[in-house]
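If you read the sequence from its start, that first residue is 1, and numbering goes on from there. All values reported here derive from a predicted model rather than from experimental measurement.
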Amino acid sequence: MLYLASKSPRRAELLRQIGVKFAIIDCDIDESPRDGESVTDLVLRLCRDKAKHARDELQGMAEGDLILAADTLIHLHGQIIGKPASMQDCRRILGRLSGQTHQVLTAVAVIDYQGDLSHRVSRNEISFRPLSETEIERYCASAEPHDKAGAYAIQGRAAVFIQHMTGSYSAVMGLPLFETAELLQ
């Protein structure tokens with residue numbers, strides 16, 4: 001049995017896309033960065049912590065059972081860009097991303113019933129074209145950006161903001177399918 005340690009509908013959709021059957025296990029951890037922690041170290045720690053926490057919560061894993069966890073962070077000029085806390089925060093985040101290139105790091109980890117853990121990180125670059133205040137306002141008024149790192153969904157209406165992308169589309173959505181398939185094999 002494969003368990004997905006995520007409430008993200010996008011991650012579930014991506015797993016279904018590649019024909020993987022799974023059950024969802026709820027997993028909440030403290031996602032606060034530690035002093036001096038790099039973005040790569042943070043995304044890996046969060047991903048591994050989710051997998052380990054889900055394993056601890058799931059009593060009675062059988063031989064062959066796996067838990068899959070993932071985490072995505074957006075990084076711009078040395079700062080992590082999280083999910084918007086408010087409409088004003090959404091406007092601020094998109095204003096910062098406007099006309100800029102930012103990095104999207106998505107880590108994925110698989111842990112088995114014995115606690116053996118493997119992980120991968122997908123590093124991607126997204127360049128936004130300059131956005132008008134009207135575009136930002138309209139987008140922030142929609143429901144789309146409010147639970148997304150960086151206040152946007154690449155698979156949604158924000159696709160028109162993206163001038164250039166280097167890397168994995170699925171990783172920017174929240175689950176790098178190439179790396180996930182490698183780990184599951």
Side-chain angles (χ1 to χ4, degrees), residues 6-15 17-18 29 31-50 68-109 119-183:
S6 175
K7 295 180 277 187
S8 167
R10 292 162 303 284
R11 289 188 179 117
E13 173 187 334
L14 287 165
L15 277 179
Q17 177 182 318
I18 61 171
I29 62 164
E31 297 190 11
S32 304
R34 296 178 181 156
D35 288 340
E37 191 171 36
S38 74
V39 177
T40 301
D41 289 344
L42 174 60
V43 77
L44 274 170
R45 178 178 58 82
L46 294 177
C47 182
R48 289 189 303 243
D49 285 357
K50 287 177 184 179
L68 174 72
D71 199 78
T72 301
L73 291 176
I74 292 182
H75 182 252
L76 176 68
H77 304 307
Q79 292 189 322
I80 295 169
I81 308 293
K83 298 176 183 177
S86 65
M87 179 78 149
Q88 180 179 355
D89 198 27
C90 182
R91 286 187 212 103
R92 182 189 58 77
I93 290 170
L94 290 176
R96 287 188 65 204
L97 297 177
S98 175
Q100 299 290 315
T101 298
H102 61 274
Q103 291 74 44
V104 180
L105 282 79
T106 300
V108 60
H119 63 267
R120 303 277 188 283
V121 176
S122 176
R123 290 171 179 81
N124 312 277
E125 286 195 351
I126 303 287
S127 297
F128 269 29
R129 64 174 170 77
L131 306 177
S132 72
E133 286 184 28
T134 302
E135 287 177 302
I136 291 172
E137 188 66 32
R138 283 186 186 146
Y139 188 69
C140 289
S142 75
E144 196 171 273
H146 298 290
D147 68 340
K148 315 284 189 307
Y152 74 93
I154 191 171
Q155 73 278 14
R157 296 190 310 185
V160 300
F161 301 162
I162 298 169
Q163 188 172 24
H164 182 78
M165 179 183 154
T166 303
S168 166
Y169 180 86
S170 66
V172 177
M173 269 183 75
L175 187 67
L177 292 179
F178 178 82
E179 290 83 351
T180 298
E182 276 187 331
L183 288 170

Item to check | Over 12 foreign heavy atoms within 6.0 Å of CZ, F178 | outcome: no
Item to check | Inter-residue atom distance I80.CD1 - Q103.CD, 0.5 Å rounding | outcome: 12.0 Å
Next on the checklist: Tell me whether N124 contacts the main-chain N or O of V104 through its side chain, where contact means a donor paired with an acceptor under 3.5 Å.
Outcome noted: yes
Checklist entry - Yes or no on side chain to side chain contact (heavy atoms under 4.5 Å, CB included) for L15 and R11, after CA distance, side-chain angles and deciding distance? => result CA-CA 6 Å; L15 277 179; R11 289 188 179 117; over 6 Å; no
Next on the checklist: Quick check: closest heavy atoms across T101 and S127, and the distance to 0.1 Å?
Outcome noted: OG1-OG, 2.6 Å
Next on the checklist: I'd like to know if E31 and K83 make a salt bridge, using a cut-off of under 4.0 Å between side-chain N and carboxylate O.
Outcome noted: no
Checklist entry - Quick one: ring-ring contact (aromatic ring centres under 6.0 Å, His included) pairs with a partner in residues 74-98, sequence neighbours left out? => result none
Next on the checklist: Determine whether a donor-acceptor pair (N or O, by modelled atom type, separation under 3.5 Å) exists between the side chain of K50 and the backbone of I29.
Outcome noted: no
Next on the checklist: So does V108 get a backbone contact from the side chain of R120, meaning a donor-acceptor N/O pair under 3.5 Å?
Outcome noted: no
Item to check | Interatomic distance, R138 atom CZ to I136 atom CD1 [nearest 0.5 angstrom] | outcome: 12.5 Å
Checklist entry - What's the spacing between L97 CG and I126 CD1 if we round to 0.5 Å? => result 10.5 Å
Next on the checklist: Under a 3.5 Å distance rule, please check whether T180 uses its side chain to pair with a backbone N or O of P176 as donor and acceptor.
Outcome noted: yes
Checklist outcome for this item: In this structure, SG of C47 is separated from CG of L105 (nearest 0.5 Å) by 11.5 Å
Next on the checklist: Using every non-hydrogen atom in the two residues, find where Y152 and Y139 come nearest and quote the distance to one decimal.
Outcome noted: CA-OH, 3.5 Å
Next on the checklist: Using side-chain heavy atoms (C-beta onward) and a distance below 4.5 Å, is Q163 in contact with F128?
Outcome noted: no
Item to check | Check: H146 side chain, C140 main-chain N or O, donor-acceptor pair, under 3.5 Å | outcome: yes
Checklist entry - How far apart are the closest heavy atoms of A151 and P145, and which atoms are they? => result O-CB, 2.9 Å
Next on the checklist: Tell me every residue that passes side chain to side chain donor-acceptor pair (under 3.5 Å) with R91, counting only those two or more places apart in sequence or in another chain.
Outcome noted: E137
Item to check | Closest contact, heavy atoms only, R45 versus S32 | outcome: NH2-O, 2.9 Å
Item to check | Side chain R10, main chain L175, donor-acceptor under 3.5 Å | outcome: no
Next on the checklist: If I compare all heavy atoms of A158 with all of E144, which pair ends up nearest, and what's the gap?
Outcome noted: N-OE2, 3.5 Å
Checklist entry - Among side-chain atoms of S170 and S168, is any donor-acceptor pair under 3.5 angstrom? => result yes
Item to check | Neighbour count above 12 (heavy atom, 6.0 Å) for E133 CD | outcome: no
Checklist entry - Where do L131 and S98 come nearest, in terms of heavy atoms and distance? => result N-OG, 2.7 Å
Item to check | Distance (rounded to the nearest 0.5 Å) between Q17 CD and M173 CE | outcome: 7.0 Å
Checklist entry - With distance as the sole test, does Q100 use its side chain to make a donor-acceptor pair with the main-chain N or O of L76 at under 3.5 Å? => result no
Checklist entry - Is any side-chain heavy atom of R34 closer than 4.5 Å to a side-chain heavy atom of D41? => result no
Checklist entry - Taking atom CD1 of I81 and atom CD1 of I93, what is their separation to the nearest 0.5 Å? => result 6.5 Å
Checklist entry - Can you check whether I154 reaches M165 side chain to side chain, under 4.5 Å on heavy atoms? => result yes
